[in-house]
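Residue numbering restarts at 1 for every chain, and letters A, B, ... go by the order of the sequence lines. Keep in mind that this is a model prediction, so the values were computed, not measured.
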Amino acid sequence: MATRILPSHPSALPRTHDPNNNGSGCSRSNNLPVRRKAEDHPVLALLDDHRRLDADGIRRIHARMLRLGLLGHPYSASRLLAACSLSPSADLRYARRVFDHIPAPNLFTWNIIIRAHASAPDPRLALLLFSSLLRHSPHSPDKFTFPFAIKAAAELAALREGAALHAMVAKSPLLRSDVFVLNSLVHLYAACGDSNLSLRVFEKIPERDVVSWNSAITALAQGGRWDEALQLFEEMDGENVRPNDVTMVSVASVCGKKGDLELGKRIHSYIERNDIKQSLILDNALLDMFVKCGSLADAESLFDGMATKDSISWTTMLVGYAKSGQFDAARRVFDEMPRRDIASWNALISCYEQSGRPKEALDLFHELQHADATPDQVTLVAALSACSQSGALELGCWIHAYMEKNNLELNFHLTTSLIDMYSKCGDVDKALHVFGCVSRRDVFVWSAMIAGLAMHGRGREALDLFEQMEEAKVEPNTVTFTNILCACSHAGLVEEGRLYFSQMLPVYGISPTADHYSCMVDILGRAGRLEEARGYVENMPMPPGASAWGALLGACAVHKNVELGELACKRLLELEPRNHGAYVILSNLYARSGKWDAVAMLRKWMKDSSLKKEAGCSSIEVHGVVHEFLVGDISHPMKEKIYLQLEDMASRLKAAGYVPNRKLVLQDIEDDAKDKALCLHSEKLAIAFGLLRTCSPAPIRITKNLRVCDDCHSVAKLVSGIYNRNIILRDRYRFHHFTGGSCSCMDYW
DNA sequence: GTAGGGTTAG
């Protein structure tokens, strides 16, 4: 902490105790009608009820006190400072100016000004004032000072400064047994993320009060030690400390995090039985608990009965509906709530985005531009993630520019989101640019960049980056390794993949998870080493999941191994009976191997079991607006032009010798209809729209929710040559850059 | 001589 930059405090200057100096710069008149002690001047009585004073009232009293010379008296001055620091309309800059003009502030005055800053937006000032107190005043901090200073350190999660304060406390017998001081230390260590230290302090408190227990329970709750938090709650009883509303807030929050509805209901009735004080915060915590436990009915009935509600109450209900898929109800709550703050917007935007509804998320983000709220970092992370999902590069760029224009600080989270957005929207070089511009990178930032290079098939660069990450002494985590293995897979780097996989545990201390094994299956399978891949699946230390069997099935489809493919598909379907993709890949495998009977059988079976395929959906962004297409979509306002463009494409492709790949159509229909179904695939509609609405040299960027089909892949290649346009297509697994008639994936995906 | 610590959403 930069305590040295503290501006010198006026009180630090040597002072002569001139009775005529009232500290206001004017000489006191000797002609006061009645001489009275400054401490009981009637004007001070006006400050008694400072909760009711507004800024003007304080200013008037301040002026009178100046005229009367009362600010030269430490006690009277402290009364004014208390009023202007603690009144609800407190203006801290004003308070600070008053403080700076008090000639000899007493300890009470120091405590007030430190307290006021500890819970203000910049708690660093409280710590600066504390160090100024130490260095420039004749007073020593007391049992009142420390809780405020420690609170400031807690707000900043400043472990080093907090520990220094703790060390000072430990030297004084009076301080180290004061329950207020100790409670604030329990809170401090929790806020710094060290629940162990927090508990150590708690255990040494000689006479614990309810706040001690609450602080310790909260420390455990926030440290993810839910069961221990509940255990501590039970222990309170044994020590004859009655839980209060604050206790129950933490306990309810733990129930929510555990998702334990039964326990939550018991807690709810405990609150009613034990006459725990009602509070808005407690009601909100219970609401949140019911929502997290998935009981909307309980949440609704509590919400309906609440006498007062704030935007947290409304937002919690909104999230409840959204998380249970009732987006109309969520939107209704959003529209009905009396006051929407940025958090309400964030909640709905995030819910859309996290439920795979990026278009709704971005529509709402657009709506926010005209609303009475300002996007914050949470908003932008959610919006960027929605851009990533739908491939909305233009909007993503706009958000990036918005951040720069508004000097929004690029924290790790936002940096990661930006890199992820640029990578997933197809502009990995822009992602690299962002990566190169930030000076500090945590493991998530590095991992996102490695993932970006991986999905574009730039495996070598991804591995180089990993080496740089090691040189920068950033420890990789389990996600980093998934991304590295993914890079090896997309670039066909078999030996490298094998090497990194084998080093995970012995060198990096990270146990390979099912995901990592699946990546290995993918790496080996793609390279045609099917038996070795099968060995990985069968010798995993955990039961192989759908992703491992899926990787093996995909590899079998590429390398036309029907027997192993059937086995992998069977195992996959045992785990995920409704995995439509598995049937499609198996059917493609049969078709490629000329097993038409099997194709027909599979087709019939799928029809009989009325298995619904996840609808293929392609989106393309033009001038900041995302357009979505389903197969055969006729809902777009420009549908006539799009279908004319498709006809143009069909005739030019035919002239180039293209034959539709009917084998890929699973429906039992005539050849003509098959051709039609093929040419109406969502990615072709999006390509047609892209040809219409964008101009060379801008690439046509398309995002597809499923794996791109063989036929669309061939068409995209041809279109890139015939129309001389670059097409960048992102499918569920990777990017395809189509240029001059060929694709960056070398037809291997 | 005055006062203090702990709690809810995204």
Side-chain angles (χ1 to χ4, degrees), chain A residues 37 39-40 44 47-48 50 73-83 85-86 106-116 118-119 142-151 154 178-188 190-191 198 201-202 205 208-219 221-222 243-254 256-257 276-277 279-292 309-320 322-323 341-351 353-354 376-382 413:
Chain A
K37 274 164 67 186
E39 290 90 318
D40 26 85
L44 294 185
L47 293 167
D48 276 347
H50 56 65
H73 299 270
Y75 175 75
S76 329
S78 76
R79 297 282 305 269
L80 175 70
L81 187 74
S85 310
L86 306 178
N106 59 16
L107 186 55
F108 177 84
T109 308
W110 278 99
N111 289 348
I112 290 289
I113 196 74
I114 293 171
R115 171 188 174 190
S119 34
D142 65 357
K143 62 176 185 160
F144 287 101
T145 325
F146 275 99
F148 303 139
I150 294 168
K151 164 94 184 284
D178 184 84
V179 69
F180 283 86
V181 173
L182 293 171
N183 289 348
S184 60
L185 285 170
V186 174
H187 172 66
L188 163 80
S198 199
V201 177
F202 170 75
I205 301 178
R208 298 173 196 144
D209 65 8
V210 64
V211 177
S212 319
W213 287 90
N214 290 350
S215 304
I217 291 171
T218 307
Q222 291 177 348
N244 64 10
D245 53 321
V246 178
T247 324
M248 301 321 293
V249 168
S250 285
V251 173
S253 148
V254 167
K257 284 174 184 149
I276 303 275
K277 194 185 99 197
S279 81
L280 178 57
I281 294 180
L282 180 52
D283 280 344
N284 286 345
L286 288 168
L287 266 188
D288 178 58
M289 180 271 291
F290 283 133
V291 162
K292 289 216 168 80
K309 299 162 183 158
D310 64 2
S311 88
I312 295 184
S313 333
W314 286 90
T315 305
T316 306
M317 287 308 292
L318 179 162
V319 169
K323 289 263 148 107
D341 55 19
I342 187 60
S344 332
W345 288 87
N346 292 346
L348 193 53
I349 293 174
S350 304
C351 280
E353 175 260 306
Q354 284 163 19
D376 63 8
Q377 297 192 334
V378 178
T379 327
L380 299 177
V381 166
H413 211 135

Quick note, A:Phe148 side chain, CB onward, closest among B:dG4, B:dT2, B:dT7 is B:dG4
How many whole angstroms separate atom CG of A:Leu318 from atom P of B:dA9? 15 Å
Criterion side-chain contact (heavy atoms from CB on, under 4.5 Å) on A:Ser85 and A:Arg115, from CA distance to verdict: CA-CA 9 Å; A:Ser85 310; A:Arg115 171 188 174 190; over 6 Å; no
Between B:dT2, B:dT7, B:dG10, spot the one nearest the side chain of A:Thr218, thanks. B:dT7
May I ask whether A:Phe144 stacks on the base of B:dA3, given the cut-offs of 5.5 Å between ring centres and 30° between planes? yes
Quick one: label A:Val186 by what it contacts on the DNA or RNA (base, sugar-phosphate, nothing), any heavy atom closer than 4.0 Å. nothing
Of the candidate nucleotides B:dT7, B:dA9, B:dT2, which contains the atom at the shortest distance from the side chain of A:Ser250? B:dT7
Do A:Lys323 and A:Lys292 have side chains that get closer than 4.5 Å, going by heavy atoms? no
Please state how far atom NZ in A:Lys151 lies from atom C1' in B:dA3, giving the value in whole angstrom units. 14 Å
May I have the distance from A:Asp288 (atom CG) to B:dT7 (atom P), rounded to whole angstrom? 16 Å
Phosphate OP1/OP2 of B:dG4 contacted by A:Arg115 side-chain N/O (<4.0 Å): yes
Whole angstrom is fine here: how far is it from CG in A:Leu280 over to P in B:dT7? 16 Å
Residue A:His187, side-chain atoms from C-beta onward, closest of B:dT7, B:dG10, B:dG4: B:dT7
Which part of the nucleic acid, if any, lies within contact of A:Ser184, taking any heavy atom under 4.0 Å across all strands shown: a base, the sugar-phosphate backbone alone, or nothing? nothing
Counting side-chain heavy atoms from C-beta on, which of B:dA9, B:dG4, B:dT8 comes nearest to A:Pro147? B:dG4
Can you tell me which nucleotide in B:dG10, B:dA3, B:dT7 comes closest to the side chain of A:Ser350? B:dG10
So, do A:Asn111 and A:Asp142 sit near enough that their side-chain heavy atoms are less than 4.5 Å apart? yes
Just to be sure I understand the rule, does A:Ser78 reach a base, reach only the sugar-phosphate, or reach nothing, if contact means heavy atoms closer than 4.0 Å? base
Audit row: A:Ser250, A:Thr218, side-chain hydrogen bond (donor to acceptor under 3.5 Å, both in side chains) steps and yes/no: CA-CA 6 Å; A:Ser250 285; A:Thr218 307; 2.9 Å; yes
For A:Ala343, which contact category applies under a 4.0 Å heavy-atom criterion: base, sugar-phosphate, or nothing? base
With the side chain of A:Ile312 defined as its heavy atoms from C-beta on, choose the nearest nucleotide among B:dT2, B:dA9, B:dG4. B:dA9
Residues A:Leu287, A:Ser313; criterion side-chain contact (heavy atoms from CB on, under 4.5 Å); working and verdict: CA-CA 7 Å; A:Leu287 266 188; A:Ser313 333; 4.0 Å; yes
Give one of base, sugar-phosphate or nothing for A:Asp209, where a contact means two heavy atoms less than 4.0 Å apart. base
Contact class for A:Gln222 vs. all strands (heavy atom < 4.0 Å): base, sugar-phosphate, or nothing? sugar-phosphate
What verdict does the side-chain contact (heavy atoms from CB on, under 4.5 Å) test give for A:Phe202 and A:Arg208, after you've listed the backbone C-alpha separation in whole Å, the side-chain angles of each residue and the deciding distance to 0.1 Å? CA-CA 8 Å; A:Phe202 170 75; A:Arg208 298 173 196 144; 3.5 Å; yes
Mind checking if A:Asp310 touches a base, just sugar-phosphate, or nothing, with heavy atoms under 4.0 Å? nothing
Before giving the answer on side-chain contact (heavy atoms from CB on, under 4.5 Å), spell out for A:Ser76 and A:Leu44 the whole-Å C-alpha distance, their side-chain angles and the decisive distance to 0.1 Å. CA-CA 7 Å; A:Ser76 329; A:Leu44 294 185; 4.0 Å; yes
Among B:dG10, B:dT2, B:dA3, the one nearest A:Ile342 by side-chain distance: B:dG10
From B:dT8, B:dT7, B:dG10, pick the nucleotide closest to the side chain of A:Val246? B:dT7
Nearest-angstrom distance from the residue atom CE of A:Met289 to C1' of B:dT7: 15 Å
Please report, rounded to the nearest Å, how far the P atom of B:dA9 is from the NZ atom of A:Lys323. 12 Å
Any stacking of A:Tyr75 on B:dT2, going by centres under 5.5 angstrom and planes within less than 30 degrees? no
Between CH2 of A:Trp314 and P of B:dT8 the distance, given in whole Å, is 23 Å
With the side chain of A:Asn111 defined as its heavy atoms from C-beta on, choose the nearest nucleotide among B:dA3, B:dA9, B:dT8. B:dA3
Atom-to-atom span, CG of A:Leu286 to C1' of B:dT7 - whole angstrom: 12 Å
